[in-house]
Amino acid sequence: MTTAKRTPAREAAAQEPAPRRRGRPAGTKAGTAETRDRILAAAREEFSARGYDKTSVRSIAKAAGVDSALVHHYFGTKEQIFGAAIELSFAPAMNIPDLVAAGGIDSMGERVARLMLQIWENPVSREPLLAIVRSAVTNETAAAVFRGMVSRRVLARLAGGLDVPDPEFRVQLAAAQLVGIIMLRYIVRVEPLASAPPEDVVAMVGPVLQRYLTAADVRP
């Protein structure tokens, strides 16, 4: 049996490294938690900078330094990636139901208002949330993802901790009040609300939220 002659071209090819498998990020082992976290961080930055409409799986992959197939592997569709980015950005608000319930029913409205304003007053948490809200008001898909996240992870849990009639309706009224304040104060920046001291806002809004959440005459 004859042996194929090793030409210079064949020897060069033999010395070349095997091509990188599709879906594996350069310099990072696929399947690691670090890779997933890097993709998620890139997704949050892309959605924050570009909004939902202008962000794509490809742009997220490029920002993370991975192949698009790996983004799909970890997160699925663009909608699912957006949901994961929302959960990361909205994480501080996820603790509100537990923190509110721990203080009992007295001054519950004030605690809700203070906790929400603390999240929005912090630049670290405010900037990603601003991007999420802007996406939600301009794109129905983004709005549906955001609505589902808030309903399940915050409003439903907060309602579950209320021992009053119609808790879901009450929580939605309180949420509507807070959303209006957030829109005017942090997004549209209407004065004098935009520049009012946070504690002044809490003092004025807290009693309104308390009534929504606990008063006997609040009902659909």
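Both backbone and side-chain heavy atoms feed into the values below; hydrogens, waters and symmetry mates do not. Throughout, numbering of the chain's residues begins at 1 and tracks the sequence.
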Interatomic spacing from [atom1] in [X] to [atom2] in [Y] - rounded to 0.5 Å:
| X | Y | atom1 | atom2 | result |
| --- | --- | --- | --- | --- |
| Tyr74 | Thr35 | OH | OG1 | 4.5 Å |
| Ile182 | Ile119 | CD1 | CD1 | 8.5 Å |
| Asp163 | Thr214 | CG | OG1 | 12.0 Å |
| Leu117 | Arg126 | CG | CZ | 11.0 Å |
| Tyr52 | Thr141 | OH | OG1 | 5.0 Å |
| Arg114 | Glu121 | CZ | CD | 12.5 Å |

Give me the atom names and distance for the closest heavy-atom approach of [X] to [Y].
| X | Y | answer |
| --- | --- | --- |
| Ile60 | Ile39 | CG2-O, 4.0 Å |
| Val202 | Pro207 | O-CD, 4.3 Å |
| Thr77 | Gln80 | N-OE1, 2.8 Å |
| Met183 | Val133 | SD-CG1, 3.9 Å |

key: Intermediate values then yes/no, side chain to side chain contact (heavy atoms under 4.5 Å, CB included), Val164 and Leu213   = CA-CA 8 Å; Val164 291; Leu213 296 172; over 6 Å; no
Just by modelled atom types, is the [Y] backbone N or O under 3.5 Å from a matching donor or acceptor in the [X] side chain?
| X | Y | value |
| --- | --- | --- |
| Asn139 | Ala142 | yes |
| Glu199 | Ala203 | no |
| Arg38 | Glu34 | no |
| Arg211 | Ala216 | no |
| Arg157 | Pro97 | no |
| Glu45 | Ala42 | no |
| Arg170 | Ala215 | yes |
| Ser59 | Thr55 | no |

message = Using the rule given for side chain to side chain contact (heavy atoms under 4.5 Å, CB included), can you reason through Arg36 versus Phe75, listing the C-alpha separation, both sets of side-chain angles and the distance that settles it, and then say yes or no?
response = CA-CA 9 Å; Arg36 186 185 186 281; Phe75 297 101; 3.4 Å; yes
task = Indicate if Met204 and Val208 have the same hydrophobic cluster label, given that clusters are the connected sets of ILVMFWY residues with side-chain heavy-atom separations under 4.5 angstrom.
result =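 They do not share one cluster, since no chain of ILVMFWY contacts under 4.5 Å joins Met204 to Val208.
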message = Grouping I, L, V, M, F, W and Y whenever their side-chain heavy atoms are under 4.5 Å apart, do Ile132 and Val188 come out in a common cluster?
response =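 Hydrophobic grouping puts Ile132 with Val188.
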request  = May I have the step-by-step check of side chain to side chain contact (heavy atoms under 4.5 Å, CB included) for Gln210 and Glu110, ending in yes or no?
outcome  = CA-CA 7 Å; Gln210 184 73 19; Glu110 182 178 311; over 6 Å; no
Looking at side-chain heavy atoms only, is the closest gap between [X] and [Y] below 4.5 Å?
| X | Y | value |
| --- | --- | --- |
| Phe82 | Ser135 | yes |
| Phe47 | Ile86 | no |
| Leu209 | Leu178 | yes |
| Pro198 | Arg185 | yes |

Counterpart residues, ring-ring contact (aromatic ring centres under 6.0 Å, His included), relative to Tyr212 (two or more places apart) =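 Testing Tyr212 for ring-ring contact (aromatic ring centres under 6.0 Å, His included), a comparison that skips the adjacent residues, returns none.
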Glu46/Lys78 under salt bridge (Lys or Arg N to Asp or Glu O under 4.0 Å): CA gap, chis, key distance, verdict = CA-CA 12 Å; Glu46 286 293 296; Lys78 173 182 167 180; over 6 Å; no
task = Applying side chain to side chain contact (heavy atoms under 4.5 Å, CB included), run through Glu168 and Val171 and close with a yes or a no.
result = CA-CA 5 Å; Glu168 294 85 0; Val171 168; 5.9 Å; no
